[in-house]
Amino acid sequence: MGKLLKANHIDEYIKENENIFLNGTVAKALQALLSYKSLTKADVIHKAEMNDIYAYQIFAGKRIPSRDKLLCICFGMELTLDETQQLLKFAGCAPLYPKNKRDAILIFSIVHGNTVVQANEALYEEGERIL
């Protein structure tokens with residue numbers, strides 16, 4: 001950010017930093033996470049409590065997931081809070097924000113290793129929209 005703010009021209013910044021820009025799709029990022037964590041799509045989809053067909057379409061890049069569906073996948077992959085935040089940002093979604101009640105419940109659930117079902121129960125108990 002500092003380099004961008006100090007740049008005199010955007011072209012200059014882009015040329016100097018071409019190798020740091022994020023490239024790829026959400027599907028590719030999910031595939032990389034599956035590989036990195038040695039997970040299968042089937043296991044993640046089961047843990048994410050998602051419709052199989054819809055989830056496989058997300059993994060294949062045929063559907064763009066909503067923030068909530070992506071969070072379900074994060075729970076299914078048992079991602080850390082940092083990994084979840086990075087994936088949300090990569091997908092163009094807002095990261096979880098601790099001053100938002102719903103997001104705070106989700107952050108707490110992620111940090112404490114809760115399942116998507118447990119997170120949904122906590123959201124429901126607090127009158128918040130479930131994933």
Side-chain angles (χ1 to χ4, degrees):
M1 182 63 86
K3 287 181 182 180
L4 177 57
L5 295 175
K6 289 179 183 176
N8 292 323
H9 300 283
I10 190 65
D11 295 341
E12 172 187 313
Y13 175 80
I14 290 171
K15 191 174 190 178
E16 289 177 9
N17 297 284
E18 231 171 325
N19 62 335
I20 65 163
F21 292 119
L22 299 174
N23 292 321
T25 64
V26 172
K28 286 182 183 178
L30 291 173
Q31 190 59 48
L33 282 167
L34 285 172
S35 178
Y36 174 72
K37 295 211 169 247
S38 301
L39 299 169
T40 66
K41 291 176 195 172
D43 286 341
V44 170
I45 292 166
H46 176 73
K47 289 180 185 176
E49 299 280 329
M50 292 179 68
N51 173 283
D52 291 356
I53 295 169
Y54 184 75
Y56 277 109
Q57 289 174 340
I58 292 170
F59 280 100
K62 294 179 181 178
R63 291 212 183 230
I64 305 294
S66 66
R67 183 176 187 252
D68 282 357
K69 293 300 180 197
L70 197 54
L71 284 165
C72 288
I73 291 171
C74 291
F75 276 101
M77 288 185 163
E78 299 177 1
L79 298 184
T80 65
L81 179 59
D82 189 47
E83 291 167 335
T84 299
Q85 298 287 54
Q86 289 178 17
L87 184 58
L88 287 170
K89 287 187 261 185
F90 179 79
C93 299
L96 295 168
Y97 185 56
K99 289 187 177 184
N100 175 292
K101 182 180 174 184
R102 183 173 187 265
D103 284 1
I105 294 165
L106 292 169
I107 290 168
F108 183 88
S109 294
I110 292 166
V111 169
H112 287 87
N114 293 349
T115 65
V116 71
V117 172
Q118 291 169 317
N120 277 334
E121 287 172 355
L123 289 167
Y124 181 80
E125 287 173 9
E126 291 296 326
E128 294 294 325
R129 182 174 40 86
I130 63 169
L131 295 171

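Computed over heavy atoms, backbone and side chain alike; hydrogens, waters and symmetry mates excluded. Numbers for residues simply follow the sequence, beginning at 1. No experiment lies behind these values; they were computed from the predicted model shown.
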(request) Look up atom CG in L30 and atom SG in C74, then write down how far apart they are to the nearest 0.5 Å. (result) 8.0 Å
(message) Let me check something: do L79 and F108 share a hydrophobic cluster, defined by ILVMFWY side-chain heavy atoms less than 4.5 Å apart, either directly or through other members?
(response) no
(message) Measuring from atom CG of L34 to atom CZ of F59, what distance do you get when rounded to the nearest 0.5 angstrom?
(response) 5.0 Å
(request) Measure the spacing between CD of E125 and CG of N120 and express it to the nearest 0.5 Å. (result) 11.0 Å
(message) Please say yes or no: joined through hydrophobic side-chain contacts below 4.5 Å, possibly via intermediate residues, are I107 and Y97 part of one cluster?
(response) no
(request) Could you pull out all residues at least two apart from Y56 that satisfy ring pair (Phe, Tyr, Trp, His ring centres under 6.0 Å)? (result) none
(message) For K3, is the NZ atom crowded, meaning more than 12 foreign heavy atoms sit under 6.0 Å from it?
(response) no
(message) If hydrophobic clusters are built by linking Ile, Leu, Val, Met, Phe, Trp and Tyr wherever their side-chain heavy atoms come under 4.5 Å apart, do L88 and V116 end up in the same one?
(response) yes
(request) Look at the side chain of N114 and the backbone N and O of A119, then say whether any donor-acceptor pair between them is shorter than 3.5 Å. (result) no
(request) If a pair satisfies side chain to side chain donor-acceptor pair (under 3.5 Å) and one of its residues is in residues 60-81, list it, with sequence neighbours excluded. (result) K47-E78, Q57-R63, R67-D103, D68-R102, D68-R129, T80-E83
(message) Just checking Y54: does its OH atom have more than 12 heavy atoms from other residues, nucleotides or ligands closer to it than 6.0 angstrom?
(response) yes
(message) Let me confirm one number: the CE-CG distance from M77 to L70, rounded to the nearest 0.5 Å.
(response) 9.0 Å
(request) Could you tell me the separation between the CD atom of Q118 and the OG1 atom of T115, rounded to the nearest 0.5 Å? (result) 3.5 Å
(message) Surrounding CG of L5 (heavy atoms of other residues, nucleotides or ligands, distance under 6.0 Å), is the total greater than 12?
(response) yes
(request) Output the distance between atom CD1 (I130) and atom SG (C72), rounded to the nearest 0.5 Å. (result) 9.0 Å
(message) Using modelled atom types and a 3.5 Å cut-off, is there a donor and acceptor pairing between side-chain atoms of Q85 and backbone atoms of L96?
(response) yes
(request) Give the C-alpha distance, both sets of side-chain angles, the deciding distance and a yes or no for side-chain contact (heavy atoms from CB on, under 4.5 Å) between I10 and L4. (result) CA-CA 8 Å; I10 190 65; L4 177 57; 3.8 Å; yes
(request) Answer yes or no: is there a side-chain heavy-atom contact under 4.5 Å between T84 and F75? (result) no
(request) Check for a donor-acceptor pair, side chain of S35 on one end and backbone N or O of Q31 on the other, with a separation under 3.5 Å. (result) no
(request) For the residue pair M50 and I58, establish whether any side-chain heavy-atom pair is separated by less than 4.5 Å. (result) yes
(message) Do I64 and V26 make a side-chain contact, defined as non-hydrogen atoms from C-beta onward lying under 4.5 Å apart?
(response) no
(request) Would you name the heavy atoms of A104 and P98 that are closest together and state the gap between them? (result) CB-O, 3.6 Å
